Amino acid sequence: MKRTILALALSFGLSTVALPYLGYAEEAPKGGQTPAVELAANARSAILMDADTGTVIYEKNSHDKLPPASITKIMTMLLTMEAIDEGKLKMTDMVRTSEYAASMGGSQIFLEPGEEMTVNEMLKGIAMASGNDASVAMAEKIAGTEQAFVQMMNDKAQELGLKDTHFVNCNGLPAENHYSSAHDIAVISRELLKHSEITKYTGSYQDYLRKDSEKPFWLVNTNKLVRFYTGADGLKTGYTSEAKFCLSATAKNGNLRAIAVVLGEPNTKTRNEEVSKMFDYMFAQYSTHTIFNPGDVMGTVKVNKGNTKELTLKAGQTYSVLTKKNAKAADIRHEMVVPKEIKAPVQQGQVLGKLVVYEGGKVLKEFELKSPETVGKAGWWKLFKRTTSKLFLVD
């Protein structure tokens, strides 16, 4: 197979074209350096990320390994949502509280040993009230023991490529060797937000558990931004005397969704003010531009000895870049870099090349391009007909 590389145009993916009015996010300062724009002066560590593209807009000591307190529960919620998506768990499933889960201190929803709640109710207790007991009960439901669930948490961190994270428990209670970073928490938060239904829990300000019982429990979200900042709908607060005041927050404005993480803030007022300032900055300064939407035809690639002669490349995700609102219309272009021909068989999801977005000669972002379908090898009869068709013009 020849490895000749060609650029594919927007219309059929066969050449490079310019897109109107595109800019790009300024390169974020490296952790430990003085940022060009100070957005989290009082935080020990912070990061501001675009949820759609993963572009980092601002960071401060973002890879410092710090105690994450109850922000840990973002990973607990992520694994819960994945179990639901995989069919291993349903929102209506009952979760029984063990003696161990009921013994958790700190923030809790006061589960009693043997008490049962649905997965839906447990998620409310974790997302809104930061229930340590509910977190352990869910961990035991999914993995059998908290220890086994924690292994799943660390495996997931490794799968996401996180270098600054190690979990010891599922709720963030103080423990030796339990740490994460603002960067890693932002990545986990972004992954959780792919499960859009989670904001139904993290974005609610108040609700009830055991509403129709003799002991109703009023839930009030520990993240006050969901009430006081327009567009805020998550994700998780945290506090211990060692970690200080922490927050991984998200808010949406138009087609932009921001993720802001601050660790080690001195108090809740400062924490909320600085996260609000981070949101304000992103929504005022940036916009997002979509290049391809899921299902859009991006081009075609010839398939050597395949049961089809060419493969139509369709966007399997949204391809977009974060842009500065005040950026001038410049020499922005994108191209698809793929082999001239690929050899059968081709597996669905197989990486075929990449989509590259440029400004002038500078690469703004690269995306992997994957095959939208499987293409098997053609049989000898089909190959024979193709060969003879060149002689007799018969297909």
Side-chain angles (χ1 to χ4, degrees), residues 40 43 45-52 54 56-59 62 66-82 84 107 120 122-132 134-135 138 153 156-157 160 162 165 167 170-172 180-207 219-239 243 245-253 256-265 268 271-272 274-279 282-283:
S45 174
I47 194 167
L48 176 61
M49 178 184 287
D50 172 46
D52 181 30
V56 175
I57 297 169
Y58 165 87
E59 58 185 340
S62 68
L66 299 170
S70 284
I71 289 180
T72 298
K73 296 183 178 82
I74 295 174
M75 180 64 92
T76 299
M77 289 189 286
L78 172 58
L79 293 182
T80 301
M81 299 309 295
E82 288 187 343
I84 292 169
S107 301
N120 176 62
M122 288 291 185
L123 273 172
K124 288 182 185 179
I126 296 169
M128 298 178 66
S130 195
N132 294 325
S135 298
M138 278 306 314
M153 295 170 73
K156 187 64 180 181
L160 293 173
L162 308 184
T165 296
F167 296 112
C170 66
N171 48 34
S180 191
S181 68
H183 169 272
D184 286 7
I185 291 165
V187 173
I188 300 169
S189 299
R190 185 182 179 218
E191 196 70 16
L192 177 59
L193 285 166
K194 292 178 181 178
H195 304 269
S196 57
E197 61 272 32
I198 195 62
T199 55
K200 180 180 76 172
Y201 302 95
T202 63
S204 297
Y205 183 66
Q206 58 184 5
D207 206 333
L219 294 172
V220 179
N221 203 320
T222 57
N223 179 11
K224 306 309 177 190
L225 289 181
V226 301
R227 181 179 181 185
F228 296 111
Y229 191 94
T230 302
D233 53 5
L235 278 167
K236 191 71 198 69
T237 61
Y239 171 79
F245 294 87
C246 308
L247 175 61
S248 178
T250 185
K252 192 168 185 180
N253 185 299
L256 273 183
R257 177 174 285 282
I259 297 171
V261 180
V262 290
L263 304 178
E265 291 278 17
T268 55
R271 177 184 72 185
N272 292 346
E274 295 198 335
V275 167
S276 296
K277 183 179 178 182
M278 293 165 80
F279 286 157
M282 176 169 166
F283 295 144

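This is a predicted model, so every value here is computed, not measured. If you read the sequence from its start, that first residue is 1, and numbering goes on from there.
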For [X] and [Y], which heavy atoms make the closest approach, and how far apart are they?
| X | Y | result |
| --- | --- | --- |
| R257 | D50 | O-OD1, 3.4 Å |
| A51 | R190 | O-NE, 2.7 Å |
| T72 | G172 | OG1-CA, 3.4 Å |
| E82 | K156 | OE2-NZ, 2.7 Å |
| C246 | P67 | SG-O, 4.4 Å |
| V226 | T202 | CG1-O, 3.5 Å |

Could you give the distance from [atom1] ([X]) to [atom2] ([Y]), rounded to the nearest 0.5 Å?
| X | Y | atom1 | atom2 | result |
| --- | --- | --- | --- | --- |
| T199 | L235 | OG1 | CG | 8.5 Å |
| M81 | T76 | CE | OG1 | 13.5 Å |
| L160 | D184 | CG | CG | 9.0 Å |
| M75 | I188 | CE | CD1 | 4.0 Å |
| I47 | M278 | CD1 | CE | 8.0 Å |
| E265 | S45 | CD | OG | 10.0 Å |

Answer yes or no: is there a donor N or O on one side and an acceptor on the other, between the side chain of [X] and the main chain of [Y], under 3.5 Å?
| X | Y | answer |
| --- | --- | --- |
| N221 | S204 | yes |
| N223 | G234 | yes |
| T222 | A129 | no |

- Message: Does either side chain, that of N171 or that of S135, offer a donor lying less than 3.5 Å from an acceptor on the other one?
- Response: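 No, S135 and N171 have no side-chain donor paired with an acceptor closer than 3.5 Å.
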- Listed partners of S107 passing side-chain contact (heavy atoms from CB on, under 4.5 Å), at least two apart: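 With neighbours one apart ignored, the set is S130, N132.
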- Does any non-hydrogen side-chain atom of K224 lie less than 4.5 Å from one of Y229?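 Sidechains of K224 and Y229: no contact.
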- Would you call P68 and I185 a side-chain contact if the rule is heavy atoms closer than 4.5 Å?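 Yes, their side chains come closer than 4.5 Å.
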- Item | Pairing of K200 and D207 as salt bridge, 4.0 angstrom limit | no
- Item | Salt-bridge criterion met for E191 and K194 (N-O under 4.0 Å) |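 Looking at E191 and K194, the cut-off is met.
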- Message: Please identify which of these residues, T237, V262, L192, V261, meets the side chain to side chain contact (heavy atoms under 4.5 Å, CB included) condition with S248.
- Response: V261
